[in-house]
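All remarks here apply to the structure that follows.
Each ligand, and each atom within it, is numbered from 1 in the order the structure gives.
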Amino acid sequence: MSMTIHPSASNFGAEIFGLDLREPIDSARYELLEDALSAHGVICFRDQAVTDADQEALVRWFGPPNVATSELSNASNTNPYFYDVGNVDENGEIMAREHKRRLYLQANLFWHSDMSMRQPPARVTTLSARVLPDDPPNTEFADLRTAWSALSPARQAELEGLMIEHSVYASRARVGYTEFSEETRKRLPPVAHPLVRVHKRSGRKTFYMGAHASHVIGWPLEQGKALLEELVEFATQPRFRYVHRWRAGDVLVWDNSCTLHRSTEFDDQKYRRELRWCSCRELEPV
Ligand code: OGA
Ligand code: MN
């Protein structure tokens with residue numbers, strides 16, 4: 001089967017045809033997928049019937065899988081590299097409004113880059129849709145390379161070199177979640193990343209920011225926070241977006257080093273939504 005790539009009209013976001021992810025890929029195909037990811041930021045495979053093992057095997061081509069933290073894991077989840085994304089609890093029931101994990105997951109409604117609070121952070125995330133509501137909520141993506149290149153050279157020069165603090169506490173504070181274990185606090189101290197990076201495969205400059213980013217190191221807190229808010233607002237304008245309309249069987253793959261994404265609301269007390277998340281990390285600290 002030959003693999004074909006169908007980019008979106010804007011070129012940000014693409015669908016890949018001709019791959020059955022239950023079959024192992026080879027290094028030639030892997031390079032084509034990296035190229036597609038580099039060119040389009042987000043790629044989607046339709047009609048896949050993957051197991052966790054298939055999904056993990058795909059992730060391992062891109063890099064070492066990240067161990068997921070306990071706060072987001074369902075007790076029924078036995079694979080350390082996976083999160084359950086959606087609204088189903090450890091007993092397979094729709095999570096009650098006050099469920100702790102429901103609150104935690106609500107931080108996904110803010111534009112973010114997965115695991116930017118780690119060092120090294122996540123690079124590529126895969127998300128596979130196992131069960132969806134009839135009218136599934138979209139997941140939205142923003143193209144941080146194109147947003148960066150839309151700034152004037154003078155503005156770019158002001159921003160280059162700034163270092164940003166990222167932490168899971170910053171993003172969860174936005175939804176009022178503060179219940180972290182001592183063990184988590186020790187394991188996940190705040191980290192620093194540059195605001196502007198060179199995206200490795202394309203060589204294009206990109207922002208690196210999102211909901212885990214709290215402030216600019218060396219600046220007054222409020223001033224840094226305001227700058228980050230302004231930049232996220234700028235970079236996530238509709239003209240920089242790809243909106244993913246989910247279908248059951250979709251496997252979505254995105255590059256966290258040059259994109260932001262967010263979930264959108266749905267009636268989560270009525271419909272089930274179950275997706276499986278597995279990501280890999282950058283090979284080096286950034
Ligand atoms: C994620 C995420 C968005 C969604 O799984 O990392 O942000 O729409 N999900 O569930
Ligand atoms: Mn996410």
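By the salt bridge (Lys or Arg N to Asp or Glu O under 4.0 Å) test, Arg118 pairs with no residue at all, sequence neighbours left out. In this view, Tyr242 and His244 satisfy the ring-ring contact (aromatic ring centres under 6.0 Å, His included) rule, not counting sequence neighbours. Evaluation of the side chain to side chain contact (heavy atoms under 4.5 Å, CB included) rule for Asp47 yields no partner, not counting sequence neighbours.
Close approach to Asp114 involves these atoms of ligand 1, each under 4.0 Å from a residue heavy atom: 6 (O). The Val85 neighbourhood of ligand 1 comprises atoms 5 (O), 10 (O), with distances under 4.0 Å to a heavy atom of that residue.
Between Trp277 and ligand 1, a contact under 3.5 Å exists for at least one N or O pair. Below 3.5 Å of separation, one finds an N or O of His112 facing an N or O of ligand 1. Every N/O-N/O distance between Trp254 and ligand 1 stays at or above 3.5 Å.
Between the side chain of Thr146 and the backbone N or O of Asp143, no donor-acceptor pair lies under 3.5 Å.
The proximity of Arg273 to ligand 1, defined as any non-hydrogen pair under 4.0 Å, is limited to the side chain.
Under 3.5 Å, the side chains of Ser38 and Asp35 contain no donor-acceptor pair of N or O atoms.
Among Glu160, Glu284, Glu282, the single residue meeting the salt bridge (charged side-chain N to carboxylate O under 4.0 Å, His left out) criterion with Arg197 is Glu282. When the options Arg276, Gln55, Glu56 are evaluated for a side chain to side chain donor-acceptor pair (under 3.5 Å) with Asn79, the one that passes is Glu56. For the side chain to side chain donor-acceptor pair (under 3.5 Å) with His261, the qualifying choice from Asp114, Thr236, Thr125, Thr139 is Asp114, the only one to do so.
In this structure, Thr125 falls outside the shell of residues with a heavy atom less than 4.0 angstrom from ligand 1.
Around the Mn ion (ligand 2), the protein contributes the following N, O or S atoms at distances under 2.8 Å: His112 NE2, Asp114 OD1, His261 NE2.
Aromatic ring pairs are classed by plane angle as parallel below 30°, tilted from 30° to 60° and perpendicular above 60°; the pair Tyr208 and His193 is perpendicular.
The nearest protein atom to atom 8 (O) of ligand 1, hydrogens excluded, is given as Thr139 OG1, 2.7 Å; this is a heavy-atom distance. With respect to atom 3 (C) of ligand 1, the closest heavy atom belonging to the protein is Ser263 CB, 3.6 Å.
Salt bridge status for Arg155 with Glu230: present, with a side-chain N to carboxylate O gap under 4.0 Å.
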